[in-house]
Amino acid sequence: MALDDKKSRFKYVGTTPNRPDGVDKVTGKAQYGADITAPGMLTGAILRSPHPHARIVSIDTSAAEAIPGVRAVVTGKDFAPVEDQGFADIGETCMARDKVLYDGHPVAAVAATTPAIAKAAIRAIKVEYAPLPHVTDVDEAMRPDAPVVLEGRALEHVPAGMSQNVTNTCEFGHGDVEAGFAKADLVLERSFKVAAAHQGYIEPHACMASVTSDGRADLYCCTQGHFFVRAVCSALMGMEASQLRVTASEIGGGFGGKTTVFIEPVALMLSKKSGRPVKLVMTRDEVFKASGPTVHASIDCKIGMTKDGRITAGDMTLRYSGGAWPSGTIEMGAQAGFAAYDMPAVRTIGWTALTNRPKEISYRAPGAPQAVYAVEAVIDEMCQQLGLDPLKTRLKNAAAKGTLSSYGVTFDEIGMVATLEAAQAHPHWSAPLGPNQGRGVAAGFWFNFGGNTCVTLNINTDGTASVTEGNPDIGGSRASISLMAAEELGIRYENVRTIVADTASLGYNDNTDGSRVTFAVGLATIKAARAAIKVMCERAAALWGIDAEAVDWIDGAAHPSGPNAGKFPPMTLAEIAAQSFQTGGPIAGHHEVNVDGAGVSFGVHICDVEVDPETGHTLVKRYTVVQDAGKAVHPTYVEGQMQGGAVQGIGWALNEEYIYGKDGRLQNAGFLDYRIPVASDLPKIDTVILEIPNPGHPYGVRGVGETPIVPPLAAVTNAVSRTIGKRMYQVPMSPPRILSAIKGA
Amino acid sequence: MRYMTAETAEAASTALAAEPGLARVLAGGTDLLVQLKAGMIQPDLVVDIKKIPGIREITPEAGGWRIGAAVANAELKEHAQVKADWPGVVEGANLIGSTQVQGRCTMAGNLCNGSPAADAVPGLVAADASVTIVGPSGTRVAKVADIPAGPGRTTLAKGEIVTAIHLPARAPRSADAYLRFIPRTEMDIAVASAAVSLTLSEDGTVTHARVALGAVAPKVVLADASTIIGTKLDDAALAALAKAAESVCNPIDDKRGTIEFRTSTAGVLARRAALIAYNRAKGVK
Amino acid sequence: MKSIQVSTTINGDPVEFLCTPDEPLLDVLRNRLGLTGAKEGCGTGDCGACSVTVNGRLVCSCLVLGVEAEGAQIETIEGMAQGETLHPLQRHFIEKAALQCGVCTPGILVAAKSLLEKNASPTDEEVRYWLAGNLCRCTGYDKIIEAVQSAAAEMRGEV
Amino acid sequence: MVKVKLWGTLRQWTDGQQEVEVEGRTFKQVLDNLAATYPGLAPQIKRGVSLAVDGVIYRDAWLQPIAPGAEVVLMPFMKGG
């Protein structure tokens, strides 16, 4: 059989059929984390620290245990220590041991027969704390005299003599930065602050755990990766992975925030102690206080440029804090910051410091929006000072095939130039502006990833196919995977059904993150389909009495590969499937792989704002997203990713932030004051999808989901700054900050 | 917690007064249920007043309007005549929360919750509205302006409930307007707000005005409206009004806004609301 | 806390339930009646995921007590489709990709239906303001507005 | 021999060199030899690194062949959201 490895003409891929989970989701039937129940189920609740930093002197649970209806009480002592440092840190975020490290840190949990009894039991637990000095700002945490959040966690390459809060440092770049600045006509250095933002998914974390006395357990939860949940939870519970089956419910948004666990180990321990199924659901204020937001950042960025707009050098120092535990996000920010440009000389230095905040977790392109914001804002200010066109200047410096990137890798085929050119050609770029309006533009970059992936594809005797994969569907991936299976098999999209299987049904699958699912699961699906096709070609060959090599698979049917192979009418998938019991048994294909070769992707956003000069109130009036998708498998869903990511970035740019008081407590743990964009805040978000194929995927697919959140911080900043005639150096640009810039304070 | 539905205002008042523990009135419940959820309060008794005859009705009264205490703001919005007489009052009431919250929340509830940032209150104060209060010692009438006592506090005595809000009759060439500042376009609590009610002479001179500000002091405050009386809202009058508004601000610095921002924004809003009310009074769309 | 017996009508069906006096209608629907289409995104009226109508009025069921349902007519997402036939809004939401994760979708559909009952031809701006209390974090709202408008056009008989 | 570019932080373990040469025909051999030649790099390699080979980032691909003359860049272990 002859199968082209690369495909560029498609029958199903690139169309926009309805998603298979659509009807369930519009009728209320879809089951999310909090919708799962079990007979005899108890309700769990968690007691959380009101202190940002304190030693736990004692916990007295006796009064809670005495309340009728209370079936289990859990504290940190119930969990045995684990060796793996990463798992141990996650475990400690779920339940404090000796110290509480942030406002909202769990200290105890209960399971009771009703929610009201569980609440009463929580109130009956007495915790004695010895408060410690706290620190919630990264710059303050790096001072040598800052209160130490955790001791002894610095990596070996952190210089001696710094605060123990400094746990990591990194440096990337190439070329002689000082020599580059010497060649510049303008060197501009600016400092920026970026507040922590929350992923803001509408579905709070929820799970239902059932542990039996013989050591088996079932866990249902809303997660971006149930295999990772199994790995962490089995380690923390001291269980074998085989005995813990994790099933992912439908997921009500994640954006990176559901790539770890916050409550699942606690639910399992409550179930183990009570012998009953236990449901644990976070309230919204728990989500804000005690699930992972992003890092918050403090950045110094210096760029040199010639009069005609050629960048000669870039030098940036990033200080990120991922809360009370070490975080690796700095490394991605430091690599991504200058990645869109061909930099003759570049250096990015990163630092990570501990603060008394919850443990950071990924949010769409983790680490990149902050670093890229600083670079794109400085470039924009330089364009203003030098009187240069911001898009032409970016084009002059754009990374292309063969460019040595800021993170050391030489780029293959990439779409930065095409993306900038498409932005330039878009009518938005040349549309007139009204009074008090301004336009900003910014580029963005993200790596995208592959990862461990398993897919099984079964051919049913009625000529349909079932795809079993292991990645929770957060953006319509079941549709795109079905499309790719249909494309390979040559059967209709409607004849393929893709399901997300539990951890007992497939090998390990990495989280739904890194924009990996359409790319990596798609690739594994294509390979699984090709494996099934190989079997079907063999069956046809056997029935025809010819060599399997002499059979081609074309449009859903086996064909003799040429006149020499024999003269037989094509045998369709349905015909082969119907005879499969008689020709050797059921037909399936499967593929297991750790996928690499994801293609980087670039985006350029254009933003128009209108600023009220007397109040600083800012409205986004027009917004356009241009992005390279490699190949858009389901173009409408690609647009949805671009629009959704851009709006999250707009929210961050204007209003979203974690606000800690002097007392170290979170001031805005709710949707009322953590202000995500509402429908009336926004204009239509226009999209332009470019398709520069990724050489690493048979259809050219790149990741799509993360890049769109990278440019908005700077696109909106540049628009606001150009409107008010003053540069803004802090995100979010809340109205008081804009007004104070306007007034020149 | 016990729940009761009261058939009369007197029965509600009696039950609330007799409760030795914490008692709360339930009308729209959009503040009460949030407080219950957060565990901020654990009442022993909740009295639902929505079954009291007339309490969900809007009726004409002495040239003005009687708005029952349990009239949801969405119902108020659908009442064309009240809206024509008091567009600013209705505007304020309709800015509270979402469409969903509008289906439940009431002006009286907004008033009795005691928030300095209540959106319905500045409009009522600018309108010089009053309320009927039924209590253990009988029925009394008070000015809306006299109800708030500070953040989360009112001057109502134990067992007293507001049963109706009274909007006075409108003189010819009168109108009002309400503006608030929020960072988004919807769903936020006011950072600063201003309501202006005014009456014009035939030649367009302001003959009567009241200006009330929200979210800039522990309770709603009146700004000196004499700054615009006798004027046709020329730039100097508007500037004087903004200054007068700023001068009565006594706000706090918090997550929603700074003292400086709230003060300057209150001045801007007072000026802009005055212009809107002025144009409405002149019949300019 | 002693439970109270409540008689009500949900999606046209007579329903009786017991609930405690402080129990929100949302908890009653989800935990006692198995109607889990309404979601709790916040519990404080800020997200709209629990939207239902009570006597024809759009509300957040997290801000209504279960006991207040006595004698009321309640409509939830579960009552929107007629048997196998989806409401035009439901169909257009699927076709226009107006949902990604789908957790806000039931609330948005209930709210949008309530809008179109009051205003069959809303402007985009009216749709956006009506739905301002329904948070969606996935879509950026664009395709939601589009789906509401195309469903409205179909319901007006324009398609 | 394979030339491996390191990120700046790691220079302190390689006598200031940002590009080092080690034996190895696969991802794993290159990493093992890096750790053996420059023991200061061992903790970082153990924690996790990625290796970009001719522009493609590999995260755990021990068996990935590396041709002599390929561009090899050591990177931190990468993750997404």
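Computed from a predicted structure; not experimentally measured. Naming convention: chains lettered A, B, ... in sequence-line order (proteins, then strands); numbering from 1 in each chain.
Heavy-atom pairs under 4.5 Å with chain B peak, among C/L135, C/V54, C/L65, at C/L65. Comparing C/G45, C/C42, C/P21 by heavy-atom pairs within less than 4.5 Å of chain B, the highest count is held by C/P21.
With a 4.5 Å cut-off on non-hydrogen atoms, B/L26 touches chain C through its side chain but not through its backbone. In this structure, the portions of C/V64 lying under 4.5 Å from any heavy atom of chain B include both its backbone and its side chain. The parts of B/T185 that come within reach of chain C are both its backbone and its side chain, each placing non-hydrogen atoms under 4.5 angstrom from that chain.
Of all heavy-atom pairs spanning B/M1 and C/M1, the tightest one is O-CG, 3.5 Å. Looking at every heavy atom in both residues, B/R104 comes nearest to C/V59 through CG-CG1, 3.5 Å. In plain terms, the two heavy atoms of B/T99 and C/Y129 that are nearest each other are OG1-O, 4.0 Å.
More than 12 non-hydrogen atoms from other residues, nucleotides or ligands lie less than 6.0 angstrom from NZ of B/K50.
Along residues 69-81 of chain B, the residues that come nearer than 4.5 angstrom to chain C, judged on non-hydrogen atoms, are B/A74, B/E75, B/E78 in order of number. The interface of residues 115-128 of chain C with chain B, defined by heavy-atom distances below 4.5 Å, comprises C/K118.
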Indicate every side-chain donor-acceptor pair of residues 8-17 of chain B with a distance under 3.5 Å to a residue at least two apart or in another chain.
from	atom 1	to	atom 2	distance (Å)
B/T8	OG1	B/A11	N	2.9
B/S13	OG	B/G159	O	2.8
B/T14	OG1	B/E10	O	2.7

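Between B/Q100 and C/N134, some side-chain heavy-atom pair lies under the 4.5 Å cut-off.
With rounding to the nearest 0.5 Å, the separation of CG in C/L131 from CD in B/E186 is 11.0 Å. The OG atom of B/S98 sits 7.5 Å away from atom CG of C/L58, with the distance rounded to the nearest 0.5 Å. Of the inter-residue distances, the one linking C/C62 atom SG with B/L36 atom CG reads 11.5 Å to the nearest 0.5 angstrom.
Evaluation of the salt bridge (Lys or Arg N to Asp or Glu O under 4.0 Å) rule for B/K37 yields C/E40 as partners, not counting sequence neighbours.
A donor-acceptor pair under 3.5 Å is absent between the side-chain atoms of C/T44 and the main chain of B/V34, judged by distance alone.
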